[in-house]
There are 2 protein chains.
Amino acid sequence: MATDFDRFKKENQLLVETVCRDFFNNSQGSLKIKKEAVVMKNLENILNTTLVLSSKIGFQTMSLRDLSRESGLSMGALYTYFSSKDDLLRIIHRYGVQTVTAILAKAVEGESDTHEKLRKIVRAHLYLSEMMQLWFNFFFMETKNLKHEERKIPTESELFTEQVIVDILEEGRQAGLYTVKDTMLAASLIKALLQDWYLKRWKYSKRKITIEQYLSFVLESIEAIILSKRGTGA
Amino acid sequence: MATDFDRFKKENQLLVETVCRDFFNNSQGSLKIKKEAVVMKNLENILNTTLVLSSKIGFQTMSLRDLSRESGLSMGALYTYFSSKDDLLRIIHRYGVQTVTAILAKAVEGESDTHEKLRKIVRAHLYLSEMMQLWFNFFFMETKNLKHEERKIPTESELFTEQVIVDILEEGRQAGLYTVKDTMLAASLIKALLQDWYLKRWKYSKRKITIEQYLSFVLESIEAIILSKRGTGA
DNA sequence: GTCTATAGTGCGATAGAC
DNA sequence: GTCTATCGCACTATAGAC
């Protein structure tokens with residue numbers, strides 16, 4: 001049986017391709033290589049290999065020689081796609097966060113029912129973090145290696161998503177649907193629960209908790225915290 | 001006015017000293033330096049400086065030259081307290097986790113009221129993570145740099161604390177006090193909320209959320225999730 | 001018990017062949 | 001476009017003076 005998550009996966013198959021294409025379109029001026037197909041293939045390889053190695057030993061510990069060996073590309077080839085190790089870090093953050101933010105923003109688009117909107121953003125966030133588990137972990141763990149000016153990228157993304165949730169909660173509170181008093185703290189709490197899924201993946205895997213089970217539990221918990229009585233429509 | 005947290009701080013002033021003394025007692029055979037006072041002073045300096053630098057740039061990025069400069073100790077002096085950079089990492093994890101676990105275990109000792117026990121462990125965890133913020137962050141961020149055999153130290157500590165919470169929830173459920181069905185997921189949720197306080201310290205600081213406010217919100221939220229009706233005693 | 005000086009290693013980055 | 005060879009540097013770790 002196809003689960004809800006399977007459907008989401010099918011609708012969003014080309015995530016890494018999106019990241020790579022964004023990069024290619026933005027860098028065409030400065031990039032030495034002009035063939036899109038070549039850039040796409042190698043860049044996807046580089047990014048995926050970097051994410052895998054970083055999840056095991058961390059970005060700083062990973063040497064470019066490790067990356068060269070694991071990706072099958074020579075040191076020279078690597079340097080045609082980024083200008084320094086720091087640049088590679090920046091690329092992953094910038095274009096990764098951009099893609100994630102765009103998908104999450106789209107997830108609630110056109111939904112008018114407040115509570116349904118809340119459920120949609122929670123589900124989209126959880127599913128996306130599952131599909132892009134290595135990316136989400138990377139954003140969280142490697143931010144401190146960015147130069148100061150670049151650190152605001154993941155920070156602002158965190159605040160943006162949280163603000164989307166705050167807005168929904170505020171809307172529900174003013175409509176008398178939610179009784180929660182502090183919508184900002186409630187939104188932080190929701191973010192913390194969503195984040196726990198990918199930060200503690202080892203724990204949930206070991207216990208064989210499926211993503212659907214986790215989603216149900218999170219939604220129930222959120223409702224317990226923010227809902228007094230549900231409207232007749234739900 | 002002295003807050004609840006101020007009282008907790010006074011009762012647990014000597015945390016880093018405890019870690020250092022544990023280390024000294026356990027290493028006296030292998031340690032070159034024999035004077036306890038000297039070891040305590042320098043080790044505390046080394047550990048604190050390491051935690052500060054790691055919180056800014058990460059343990060791997062921090063060079064021992066950085067540590068030497070910031071602590072005021074020479075490279076040679078550093079190497080009389082640990083045998084390699086990896087050893088330093090291990091020391092912080094091992095003795096730090098040991099101290100934290102002992103304090104948390106003591107926090108619920110002798111409390112017979114189930115719900116009060118839950119509130120005590122939540123409060124102790126939150127307050128302790130505030131006092132040892134750099135330590136808790138270090139445990140979380142630097143675990144992957146440990147050699148495989150040593151990684152179970154922080155992992156088991158996470159599971160231990162969670163099990164304490166599971167036991168309390170299970171006790172309450174069987175007594176008819178709590179209606180929560182999945183006590184394990186509920187305990188994970190509580191841990192996630194506690195962890196968010198120190199992982200996202202920048203966010204809560206910026207918003208001027210005090211630790212007392214956060215504690216109240218977390219306790220209320222937990223109660224909303226697990227409680228049906230409170231007993232007459234509470 | 002702490003220092004300075006240095007040995008030895010592996011890194012990021014690049015130049016030039018193909 | 002991709003490769004190999006190599007430069008210069010910063011690192012961990014240690015040896016020997018004080």
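We name chains A, B, ... by the order of the sequence lines, and we start the count at 1 in each one. Heavy-atom basis, side chains included; hydrogens, waters and symmetry copies ignored.
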Donor-acceptor pairs under 3.5 Å, side chain of residues 97-106 of chain A to any protein atom, not counting sequence neighbours: which ones?
residue	atom	partner	partner atom	Å
A/T99	OG1	A/Y95	O	3.0
A/T101	OG1	A/V97	O	2.7

Anything under 3.5 Å between a donor and an acceptor, one on a side chain of residues 203-212 of chain B, the other on a protein residue two or more places apart or in another chain? List them.
residue	atom	partner	partner atom	Å
B/K203	NZ	A/E158	OE2	3.0
B/K203	NZ	A/E162	OE1	2.5
B/Y204	OH	B/D196	OD2	2.7
B/S205	OG	B/R201	O	3.0
B/S205	OG	B/R201	NH1	3.0
B/R207	NH1	A/E162	OE2	2.6
B/R207	NH1	A/S188	OG	3.4
B/R207	NH2	A/E162	OE2	2.9
B/T210	OG1	B/Q213	N	3.1
B/T210	OG1	B/Q213	OE1	3.3
B/E212	OE1	B/Y127	OH	3.0
B/E212	OE2	B/T3	OG1	3.3
B/E212	OE2	B/F5	N	3.2

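Taking every nucleotide of DNA chain C with any atom under 4.0 Å from a non-hydrogen atom of chain B, the first and last of them, 5' to 3', are C/dG1 to C/dT4.
Scanning residues 24-39 of chain A for heavy-atom distances under 4.0 Å to DNA chain D yields A/I33, A/K34, A/K35, A/V38. Residues from residues 78-91 of chain B placing a heavy atom under 4.0 Å of any atom in DNA chain D, listed by number, are B/Y79, B/S84, B/K85. Near DNA chain D, meaning a heavy atom under 4.0 Å from it, residues 48-58 of chain A has no residue at all.
Shown here are the salt bridge (charged side-chain N to carboxylate O under 4.0 Å, His left out) partners of A/D4, two or more places apart in sequence or in another chain: A/R7, A/R123. Checked against side chain to side chain contact (heavy atoms under 4.5 Å, CB included), A/I33 has the following partners two or more places apart in sequence or in another chain: A/V38, A/V39, A/T80, A/Y81. In this structure, the side chain to side chain contact (heavy atoms under 4.5 Å, CB included) partners of A/V52, at least two apart in sequence or on a different chain, are A/K56, A/L134. Every residue two or more places apart in sequence or in another chain that forms a salt bridge (charged side-chain N to carboxylate O under 4.0 Å, His left out) with B/E149 is listed here: B/K152. Not counting sequence neighbours, the partners of B/S221 by the side chain to side chain contact (heavy atoms under 4.5 Å, CB included) test are A/L189, A/I225, B/F217.
Residue pairs meeting the side chain to side chain donor-acceptor pair (under 3.5 Å) criterion with at least one partner in residues 67-76 of chain B, sequence neighbours excluded, are B/D66-B/R69.
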